[in-house]
Amino acid sequence: CCRGRHPACLSTGRRPDGSTGPCYCDQACLRTLDCCHDFSQTCPVVPCVVSQWSAWSGCAEPCQTTYRVRTRHILQEPRNGAEPCPALEERAGCVEYWTRQGTECKQSLIPALITTGGFGKARKKRAAAEGKERAGYCVEFQLVALTPGCLHSQHSHTLWMRHLREGHRVCVQCQHPALHPRSHHCSGDGTGSTRNQLLHWQALGNPRCKGTWRRIHQLDTCSCPPVHSFLFI
C-alpha cells in the first residue's frame, strides 16, 4: 500500500472491471482506475482524524483590532486515498481594551466597533432580564472617510453599512454591556480626544468596512434618524 503514484506497487492480476494485466496498490490507482481487485480490502481508506479545537487564545496585540487563534492537531494521518486533513488553525477578529500591565488603553488608539442600532432592542431585553439595565449615553460623530467595502456589503446582516456616507453625521449609542462598569463609557467613543482629531471605527460583521470620523459631542439620548443610528460593541 504505497502513497501517491508508486511504480514499485505493481502487480499482475484481475482489476475491479474484470480485466487482467498489470495493476497497482498505490493511492493513485483510485484515480487512474488500474487498482488490483483486492485493493479496497488490502489497503482500506484510513481517514484523517483531528483533535477537538483548543480554547481561543487572547488577542494577538492589545489596544488594537487584531485576531485570536485556536488550534487542533492530527490524531491519525490519512492513508490510501483518504481526504486531506482539514485546517489545523482558525483565526477570529478581536479587540483587547487593556494593556498587558492591566491598564486601560487610550481611547484614541482603539477603533470603535459599531453595529446597526436595531441590534439594541434585543440587547435591552437581555439587560432588563438580567437586571443590568444602566443609563447609557450617545455620541454624535461626523464621518470623514470610509472604505468602499461598506457599499458592497451583500449579506442581510451587513446591509445597514450602505447608509454610511462621508460627511454625514451619525449617532452611536453606548449601553450595556458595552458600557464599562468602572469607566462608565464605551471603548472607542473618543473620550479624551482633541478637537477635530480623526478617530477610527470599524463595522462589525464586515472587516472591509471601516473608516474615520470626528467626535462632535456627547448626548444623553440620540437624535439621529434610524438609518444613521448605531451601537458601540
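Computed over heavy atoms, backbone and side chain alike; hydrogens, waters and symmetry mates excluded. All of these numbers come straight from a predicted model, not from anything done at the bench. In this chain, numbering begins with 1 at the start of the sequence shown.
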Open item on the list: Under a 3.5 Å cutoff, is there a donor and acceptor pairing between the side chains of Gln76 and Arg79?
Closed with: no

Open item on the list: If you define the side chain from C-beta out and look only at heavy atoms, does anything of Pro86 sit under 4.5 Å from Arg72?
Closed with: yes

Open item on the list: For the CZ atom of Phe230 and the CG atom of Leu204, what is their distance to the nearest 0.5 Å?
Closed with: 13.0 Å

Open item on the list: Any non-hydrogen side-chain atom of Arg214 less than 4.5 Å from a side-chain atom of Leu198?
Closed with: yes

Open item on the list: So, taking the atom named CD in Glu90 and the one named CH2 in Trp53, what distance separates them when rounded to the nearest 0.5 Å?
Closed with: 4.0 Å

TODO: Check whether more than 12 heavy atoms from other residues, nucleotides or ligands sit under 6.0 Å from atom CG of Asp220, and answer yes or no.
DONE: no

- [ ] Over all heavy atoms of both residues, which pair between Cys85 and Ile74 is shortest? Give the atoms and the distance, please.
- [x] SG-CD1, 3.7 Å

Open item on the list: Within the 4.5 Å heavy-atom criterion, are Val172 and Arg215 side-chain neighbours or not?
Closed with: no

Open item on the list: Can you confirm whether the side chains of Thr212 and His200 place a donor and an acceptor under 3.5 Å from each other?
Closed with: no

Open item on the list: Please evaluate residues Trp201 and Leu164 with respect to the criterion side chain to side chain contact (heavy atoms under 4.5 Å, CB included), reporting the C-alpha separation (whole Å), side-chain torsions for both, the decisive distance (0.1 Å), and the verdict.
Closed with: CA-CA 12 Å; Trp201 58 268; Leu164 297 168; 3.8 Å; yes

Open item on the list: Show the nearest heavy-atom pair for residues Phe232 and Gly188, with the distance to one decimal.
Closed with: CE2-O, 3.9 Å

TODO: Look at the aromatic rings of Phe141 and Trp213 and report parallel, tilted or perpendicular, splitting at 30° and 60°.
DONE: parallel

Task: Interatomic distance, Asp38 atom CG to Cys43 atom SG [nearest 0.5 angstrom] - done: 8.0 Å

TODO: Evaluate the pair Cys35, Cys25 and indicate whether the two SG atoms are within a distance below 2.5 Å.
DONE: no

Task: Minimum side-chain heavy-atom gap Asp189-Cys174 below 4.5 Å - done: no

Task: Spacing of Cys186 atom SG and Gln173 atom CD [to the nearest 0.5 Å] - done: 10.0 Å

Task: pair check: Cys171 + Cys222, SG-SG < 2.5 Å - done: no

- [ ] Kindly check if Cys209 and Cys150 bring their SG atoms closer than 2.5 angstrom.
- [x] yes

Task: Nearest non-hydrogen partners of Val170 and Leu143, listed with the distance - done: CG1-CD1, 3.9 Å

Open item on the list: Using the rule given for side chain to side chain contact (heavy atoms under 4.5 Å, CB included), can you reason through Met161 versus Leu146, listing the C-alpha separation, both sets of side-chain angles and the distance that settles it, and then say yes or no?
Closed with: CA-CA 10 Å; Met161 300 174 192; Leu146 65 155; over 6 Å; no

Task: Over 12 non-hydrogen atoms of neighbours within 6.0 angstrom of CD in Gln52 - done: no

- [ ] Could you pull out the closest heavy-atom pair between Ile233 and Ala178, with the gap in Å?
- [x] C-CB, 3.8 Å

Open item on the list: Do Ile114 and Tyr137 sit in one hydrophobic cluster, given that two such residues count as connected whenever their side-chain heavy atoms are within less than 4.5 Å of each other, even indirectly?
Closed with: yes

Open item on the list: Can you confirm whether Thr221 sits close enough to Cys138 that some side-chain heavy atom of one is under 4.5 Å from a side-chain heavy atom of the other?
Closed with: no

Open item on the list: Among His73, Glu89, Arg70, exactly one meets side-chain contact (heavy atoms from CB on, under 4.5 Å) together with Ser54. Which residue is that?
Closed with: Arg70

Open item on the list: Looking at Cys36 and Cys23, are the sulfur gammas closer than 2.5 Å to each other?
Closed with: yes

TODO: Looking only at non-hydrogen atoms, find the nearest pair between His228 and Arg169 and report the distance.
DONE: CB-O, 3.9 Å

Task: Heavy-atom closest pair, residues Pro22 and Leu10 - done: CB-CD1, 3.6 Å

Task: Value rounded to 0.5 Å, distance of CG in Leu113 from CG in Leu231 - done: 12.0 Å

- [ ] To the nearest 0.5 angstrom, please state how far the OH atom of Tyr24 sits from the CG atom of Leu33.
- [x] 13.5 Å

